[in-house]
*Asks:* 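Please find one structure pasted underneath; my questions will follow.
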Protein chains: 2
Amino acid sequence: MTKPQPLNQPDQLSESSTLASRTYESIKADIIDGTLAQGSKIVESDLALKYGTSRGPLREAIHRLEQIKLVIRVPHAGSRVVALNIKMMEDIYTARESLEGMAARLAARLMPDDDIKSLHRLLDQHEQNINDAEGKVYFQREGDIDFHFRIAAASQNEWILENLNGELYQLIRMGRHQSGRMPSRPAAALAQHRQITSAIEQRDEELAELLMRRHISGAWKTVKSILEENHE
Amino acid sequence: MTKPQPLNQPDQLSESSTLASRTYESIKADIIDGTLAQGSKIVESDLALKYGTSRGPLREAIHRLEQIKLVIRVPHAGSRVVALNIKMMEDIYTARESLEGMAARLAARLMPDDDIKSLHRLLDQHEQNINDAEGKVYFQREGDIDFHFRIAAASQNEWILENLNGELYQLIRMGRHQSGRMPSRPAAALAQHRQITSAIEQRDEELAELLMRRHISGAWKTVKSILEENHE
DNA sequence: CCTCGTTGTATTGTTGACAATAATCATTAA
DNA sequence: TTAATGATTATTGTCAACAATACAACGAGG
């Protein structure tokens with residue numbers, strides 16, 4: 001059985017040349033998967049020790065994490081891992097809806113035919129994985145983001161790509177880890193992905209944007225209800 | 001004669017408690033108004049001297065500027081002030097169109113009546129300033145962004161607000177300084193602003209978004225033609 | 001018992017020195 | 001003359017010590 005191919009969104013090569021970057025990647029991963037608990041206080045000297053570096057590079061890592069909103073920092077008082085709440089997640093999903101809608105529109109205009117074919121193949125793979133018990137985990141965790149990443153990349157808009165991939169998706173991943181549950185109904189999601197791809201293939205910008213926005217706002221509704229029931 | 005009221009988008013209180021923040025603000029201003037030329041190389045020790053600080057805080061400032069894309073940094077090789085090109089500006093305007101369209105939609109849903117009234121007054125003031133020779137400079141430079149800022153704030157979406165105000169508007173300001181010219185036809189822009197405000201007042205989300213997007217994509221067309229003629 | 005001010009401690013902000021890296025320039029061989 | 005190669009230098013990356021700040025504990029006064 002072929003393993004689902006690795007995600008092609010290397011935020012940074014894991015063997016980065018600078019210590020600050022490596023520390024950044026490590027901490028980011030630990031925040032996203034909950035090893036560093038939400039809302040927990042960050043003490044520079046402690047973390048420096050923990051990640052085997054000195055305060056200098058660690059400080060740079062923290063600053064970068066602050067920029068992508070994984071960390072909140074208040075001057076002279078210290079930093080904490082962000083604590084996701086519903087309002088914040090709603091803001092993120094709304095921004096994402098807007099940006100990805102635009103990305104889908106641009107993809108319909110600009111995506112090369114070959115890439116569209118490849119996108120179809122990706123969805124075929126996802127379909128197989130849905131029926132496959134162990135694949136389910138993969139599909140629900142990362143396959144979904146993989147699809148969305150390809151659309152963002154196809155937009156050929158650097159700003160949108162960087163903000164989706166570098167910031168919004170990270171926060172969404174973190175939210176998923178938190179809730180412990182997966183995005184709902186993979187089959188329904190897949191069907192929508194196919195619709196969107198088809199609109200792109202037909203170069204129907206308007207429809208592509210509309211479908212993407214509907215897809216994401218639908219996803220938010222289910223995520224929201226999960227968060228609300230967890231929160232009482 | 002009453003001076004146009006100061007912009008209410010203090011990115012940071014100018015008397016920030018930390019040296020790194022003050023340095024950041026200074027450099028940012030210098031980049032935006034061209035004192036630090038586009039594409040010019042940044043040498044940490046030189047700048048540290050120039051801004052009266054040591055390399056530590058200056059480094060933090062540079063990192064923050066990198067995050068808002070005013071500076072480009074390559075590991076071990078140094079940093080440069082970003083050099084705006086047409087593709088980059090197009091990406092920015094497209095992202096802005098998407099985000100501000102959504103912001104207008106949210107504003108139509110959420111903006112308190114009092115704030116809408118205040119928005120009307122702001123536009124009245126702009127109208128006066130258009131006929132006033134010295135006001136023209138103000139309106140064209142900052143008044144336009146002032147309006148857009150209020151919509152973004154009214155969306156009550158933190159992510160959108162921060163990204164528009166903290167990043168996109170800065171780059172657009174920088175672009176304006178570069179071209180030397182002002183946004184075109186203040187009267188036409190004002191008319192569109194009124195339309196948008198009116199849609200918000202009527203709580204017509206769909207229309208508010210549509211008008212805002214049209215407004216911004218129109219602005220891009222004229223900016224683009226200016227850039228192209230400057231560039232040959 | 002509560003409030004306010006004071007002191008002490010922990011943590012961040014800042015600095016200058018040192019190490020590592022990459023760009024530059026001169027030198028040599030083809 | 002040009003291309004490759006090696007030493008040199010400028011610049012960034014990293015570190016550890018020092019200063020400034022905010023928070024907590026404590027005590028005095030109401």
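So you know, we letter chains A, B, ... as the sequences are listed, proteins then strands, and number each from 1. Here the structure is a predicted model, which means the values were calculated and not measured.
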*Asks:* For the pair made of CG in B:L47 and C1' in D:dA10, what is the distance, rounded to whole Å?
*Replies:*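 B:L47 atom CG is separated from D:dA10 atom C1' by 16 Å.
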*Asks:* Would you classify B:I42 as touching base, sugar-phosphate or nothing, given that sugar-phosphate means primed atoms plus P, OP1 and OP2, and contacts are heavy atoms under 4.0 Å?
*Replies:*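 Contact class for B:I42: sugar-phosphate only.
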*Asks:* Quickly work out the A:R59 CZ to C:dT12 P distance and round it to whole Å.
*Replies:*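 Value for this atom pair: 8 Å.
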*Asks:* Distance check needed: C:dT15 P versus B:Y51 OH, whole Å only.
*Replies:*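 The distance from OH of B:Y51 to P of C:dT15 comes to 16 Å, rounded to the nearest Å.
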*Asks:* Could you tell me how far apart B:L49 (CG) and D:dT12 (P) are, to the nearest whole angstrom?
*Replies:*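 Roughly 14 Å, once rounded to whole Å.
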*Asks:* I want to confirm an ordering. Mapping A:A77 and A:A20 to their closest nucleotides on DNA chain D, which one lands closer to the 5' end?
*Replies:*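 Counting from the 5' end, the first nearest nucleotide belongs to A:A20.
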*Asks:* Considering heavy-atom distances to DNA chain D, does A:V74 or B:D46 have its closest nucleotide positioned more toward the 5' end?
*Replies:*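 Whichever sits nearer the 5' end wins; that is B:D46.
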*Asks:* Roughly how many Å is it from CG in B:L58 to P in C:dG16, rounded to a whole number?
*Replies:*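 Taking CG of B:L58 and P of C:dG16, I get 13 Å after rounding.
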*Asks:* Nearest of C:dT11, C:dT14, C:dG13 to any side-chain atom of A:V43?
*Replies:*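 For the A:V43 side chain, the nearest candidate turns out to be C:dT11.
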*Asks:* If you measure from the Lys or Arg side-chain nitrogens to the Asp or Glu carboxylate oxygens, is any gap between A:E97 and A:K221 under 4.0 Å?
*Replies:*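 The answer is no: the pair does not qualify as a salt bridge.
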*Asks:* Heavy atoms under 4.0 Å, any strand shown: does B:G56 hit a base, just sugar-phosphate, or nothing?
*Replies:*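 Here B:G56 touches the bases of the nucleic acid.
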*Asks:* Closest to the B:R55 side chain: C:dG13, C:dT14, D:dG13?
*Replies:*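 For B:R55, the side-chain atoms sit closest to D:dG13.
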*Asks:* Nearest to the side chain of B:S54, which nucleotide is it out of C:dT15, C:dT11, D:dT12?
*Replies:*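 Comparing C:dT15, C:dT11, D:dT12 against the side chain of B:S54, the answer is C:dT15.
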*Asks:* OP1 or OP2 of D:dG13 sitting under 4.0 Å from any side-chain N/O of B:R73?
*Replies:*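 Yes, within the criterion.
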*Asks:* Just checking A:T53: base, sugar-phosphate only, or nothing, at a heavy-atom cut-off of under 4.0 Å?
*Replies:*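 Sugar-phosphate contact only.
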*Asks:* Whole angstrom is fine here: how far is it from NE2 in A:H76 over to P in D:dT21?
*Replies:*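 Checked: the NE2 to P distance equals 6 Å.
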*Asks:* Ignoring hydrogens and geometry beyond distance, is a side-chain donor-acceptor pair present between B:S155 and B:R109 at under 3.5 Å?
*Replies:*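 Short answer, no.
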*Asks:* Are A:E158 and B:K87 close enough for a salt bridge, meaning some N to O gap below 4.0 Å?
*Replies:*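 Not counted as a salt bridge, because no side-chain N and carboxylate O are separated by less than 4.0 Å.
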*Asks:* Using a cut-off of strictly less than 4.0 Å, decide whether B:T18 has a side-chain nitrogen or oxygen near OP1 or OP2 of C:dT14.
*Replies:*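 So the side chain of B:T18 is within the cut-off, an N or O lying under 4.0 Å from OP1 or OP2 of C:dT14.
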*Asks:* For the pair made of CD in A:E60 and P in D:dT12, what is the distance, rounded to whole Å?
*Replies:*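 Checked: the CD to P distance equals 13 Å.
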*Asks:* Taking the side chain of A:K41 as heavy atoms from C-beta outward, which of C:dT11, D:dG13, D:dA17 is closest to it?
*Replies:*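 Nucleotide nearest to A:K41's side chain: C:dT11.
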*Asks:* Before accepting this row, confirm whether a basic side-chain N of the pair A:D30/A:K50 lies closer than 4.0 Å to the acidic partner's carboxylate O.
*Replies:*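 No, no charged N to carboxylate O under 4.0 Å.
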*Asks:* Is there a ring-ring contact (aromatic ring centres under 6.0 Å, His included) between B:H120 and B:H193 once you walk through the steps?
*Replies:* CA-CA 10 Å; B:H120 276 301; B:H193 288 178; over 10 Å; no
*Asks:* Whole angstrom is fine here: how far is it from CG in A:L19 over to P in C:dC18?
*Replies:*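 From A:L19 CG to C:dC18 P: 20 Å.
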